[in-house]
Each structure stands twice: as C-alpha cells, then as structure tokens.
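All ligand and atom numbering here is 1-based and tracks the order in the structure. Count residues from 1 along the sequence. Hydrogens, waters and symmetry mates are skipped; everything else that's a heavy atom, side chains included, is used. In this text the structure is predicted, and so the values were computed from the model without any measurement.
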Amino acid sequence: MPLEQALERLLSMAGQSPVVQTQRVPLAQADGRVLACGLVSTLDLPPWANSAMDGYALRLGDWTGEPLVVSQRIQAGQAPGPLTPGTCARIFTGAPLPEGADTVEMQENAVVEADQRVRFIEPMSVAQNVRPQGQETRVGEQVLAAGTRLGPIELGLAASLGHAELTVVRSIRVAVLSTGDELVEPGLPLGPGQIYNSNRRVLCTWLQRMGCEVVDAGILPDNLEQTRAKLAALNGVELILSTGGVSVGEADFLGIALREEGELDLWKLAIKPGKPLTFGHFRGVPVIGLPGNPASTLVTFALLARPYLLRRMGVQAVTPLQFSVPAGFTWAKPGNRREYLRGRLEQGRAVIYPNQSSGVLRSAAWAEGLVEVLEGRTLEEGDLLNFIPLSELLG
Ligand code: AMP
Ligand code: MG
C-alpha cells in the first residue's frame, strides 16, 4: 500500500472520530494543544498610535525648519495630553502619540539647542516612526483559526490580546503498549536475550509533546492470555498505539486478541523502514500497531500515526513542512519501497547516516530529518530530493 493511500485511510477514519469536547486552559498549560474555536480580537493592536523610536513627536505641518519647544515628556505607560500646537513632545518607544502629533523623529536626528529647543537636522515625512492604531489587528478580526496548534508564538499572540485562558480541544487519551517478551524497562538488569524498551519512551514523550493524555500500558508479553487481560483493562482510551508483533504473525498475539473482539487490517506499506502496520478496533477503540524496530516505529509514527492523531484533535494542516534539497550522496540501487533515510544537511546537501538499519535508533538521533528517496529511483549527487525536518515532526 502506498503511503498516500494509508494516510488517506487513516485521515478519513480520524475525521469520523474527532475529539469534540473542549476545555478552558490557562495559557501556561496550552502549549501543544489545539485551539477549539477561532480567536477573535477584542482589541485594536496596538490600541493607540505610538512611537516606534526614542525621539520627538510633532505635527509635521508645524515644522518650518526652526527649532521647536519641547512641551511635554511621554514615556511608555503614560497617557499624554494633546500636543500644544507649534511644539514637540519628548517621546519614548511604545509611548502613546499625543493627540495632534502625526510624526516621530528619532533622537539621533535631533539636536537640543542651548535654549532647550530641539532642532531637527534631517528631512522628515509624515507618519514616520509612528505605529498606527490597529496596525497588527483590529477589533473583530480572527487572529488564530480553530484547529491551530498552539506554541510559544500563538500563546504570545493570545497574551498580547489579553487572553489569560483559551478554549482548546480536550486531550485525546492514547494508550501506549510495547509488545515483546524480550523487552525490559531501563533501570532493571538485562537478562539473556533481553533488550531495553526504547519505543515506549519515544512514543510516550512524543505524544505528551503533542498534547495527548498518555496512558502508559507498559510491556505486553508475547502471550495471548496476558494480551487479552491487558486490553480488557484499558478503560476510556481513544486510541491504542502498540509497537512490535505486527510482522507476519506467529508472535502476533495482539492481532489475535484484537480479532476476537474487533477487527484488524494488516497493511503492507510501500515504505522503508516500516513495512507492516496494523489498523483496527478493539471494542470500538481504534488501534494502530506500529512495527517494533525503533527506526520503523519512529517513521511510521511520524508519517502516519501523528497526522492521524492531529486530525482527530481537529488540526486540518497535518502535512509536515518539507523542502527540496540536493543529495549529498548517491543511490545506485532503485528500491521498490519509498525510503525514509535518517539524514542531515551539510552545506545545504542531504547526507545520510551510514547505518540505515531499521533497528538503529541512533541514526535518528544523529539525523536532522527524514530524507525521502522515491521508489524506483537512483540518485546522483546534486539530484533533488525531499527533506522533512525532524523538528517539524517531533511536536
Ligand atoms: P517485532 O515487530 O515485534 O518483530 O520487533 C521487531 C524488532 O524490534 C525486534 O528486534 C524487537 O526486539 C525490536 N523491538 C520491538 N519492540 C521494541 C521496543 N519497544 N523497544 C526496542 N526494540 C523493540
Ligand atoms: Mg516482538
């Protein structure tokens, strides 16, 4: 199955089960969340014309070239009286323009004469260095659309409009299950044949960044009874996200248990890493089963599960930013699956980590992005390919 088709299916399913509940949260807790309704400005921003410079405010029409008397001093935070005609006002950055003034000259272009009058030494144009009322936004304008992911900038914008709280989409509850008899949690000793569970940490941390409520369901042994018991104990979750056990299934107990009480599709994705992916339902709760190899987990989460979750949280724009860069490596053997190589940019060219094994998470720690090599393609150095920054995907 081509990636696009899998994504389309997932997104259409996500569209059928959006999180509809909303909640009010203080700005300090809104990072990573999704705005539930458009944010409409109740203010003009700035609320009044103000000075963009430290200098002098005047009505340009009053200026004949002769020095002007300074009739008042206005600092940020003060409310000035009207400007006395034929004079200027000392003014500082962010201070309101006095009524009657239309121009600000910066102090560097002003000379204070012996009699304290001020001479302006450069030609001026009307409205220079003035930030007009409402130049950023007007009352009634929508500044953020519903479905916007909130980050430092959006939250700052909301703060600039005086909002202490925002209405966001309720967090989606996601259970994370790591399947595999070989898995041990860090902190415990490793027995023979065992490895530490890394996928759990990757996914739980990633989901938290995305504003999800994570139900860490721990390790699921490769055992049907325990799998049934674990699934039955998952209450109130809205997605079950598992890793491992999805290759053709002798040890696919999750698959067996899910089929008993729901349905499960196995998709063979035409991507590398990350060929097998399952999608199904358990007692009505959607289940996404990601492949267990750490780089496969990462790539399939980034390209499929993440957009699926974002869409359920009400985000429309789920396609990550990507851009075209010249290859800094060659690719001689065309593949029959699309590859997402872990790479970085060096002098503007994409280079790849030497070991692209799907078991090697270190490749992704080294990488700055996913380097896309289309199926059937060979590459010479300098050929253009798509680069998806990991920074774009990891939130
Ligand atoms: P599986 O999909 O269960 O066949 O697993 C594929 C490979 O990924 C095996 O080498 C597993 O040991 C490894 N693996 C599966 N789950 C994890 C995990 N949570 N953390 C680290 N490696 C894993
Ligand atoms: Mg396994």
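Contact detail for Ile91 and Ala57: the closest heavy-atom pair is CG2-N, 3.8 Å. Across all non-hydrogen atoms, the minimal contact from Leu207 to Leu241 is CD1-CD2, 4.0 Å. In terms of heavy-atom proximity, Val351 sits nearest to Gly328 at CG1-O, 3.9 Å.
At least one heavy atom of Ser198 sits closer than 4.0 Å to an atom of ligand 1.
Residue contact check: Gly245 has heavy atoms under 4.0 Å from atoms 1 (P), 2 (O), 3 (O) of ligand 1. Close contacts of ligand 1 with Gly244, meaning ligand atoms under 4.0 Å from a residue heavy atom, involve 1 (P), 2 (O), 3 (O). Close contacts of ligand 1 with Asn197, meaning ligand atoms under 4.0 Å from a residue heavy atom, involve 18 (C), 19 (N), 20 (N). Distances below 4.0 Å separate heavy atoms of Asn199 from the following atoms of ligand 1: 16 (N), 17 (C), 18 (C), 19 (N), 20 (N), 23 (C). Interface of Tyr196 with ligand 1, defined as ligand atoms under 4.0 Å from a residue heavy atom, comprises 20 (N), 21 (C).
For a threshold of 3.5 Å applied to N or O pairs, the pair formed by Arg200 and ligand 1 contains no separation below that value. Ligand 1 has no nitrogen or oxygen under 3.5 angstrom from a nitrogen or oxygen of Ser178.
Only side-chain heavy atoms of Ile195 come within less than 4.0 Å of ligand 1; its backbone N, CA, C and O stay farther off.
A salt bridge is defined here as a Lys NZ or Arg NE, NH1 or NH2 lying under 4.0 Å from an Asp or Glu carboxylate O, and Glu185 with Arg200 meets this definition.
Ring-plane geometry between Phe120 and Tyr56 is classed as perpendicular, the angle between the planes exceeding 60 degrees on a 0 to 90 degree scale with a lower cut at 30.
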What side-chain donor-acceptor pairs closer than 3.5 Å can you find for residues 138-147, not counting sequence neighbours?
| residue | atom | partner | partner atom | Å |
| --- | --- | --- | --- | --- |
| Arg138 | NH1 | Asp44 | OD2 | 3.4 |
| Arg138 | NH2 | Gln133 | O | 3.4 |
| Glu141 | OE1 | Arg138 | N | 3.1 |

Pair up each side-chain donor or acceptor in residues 80-89 with any protein partner under 3.5 Å, not counting sequence neighbours, and list the distances.
| residue | atom | partner | partner atom | Å |
| --- | --- | --- | --- | --- |
| Thr87 | OG1 | Ser71 | OG | 2.7 |
| Thr87 | OG1 | Thr84 | O | 2.7 |

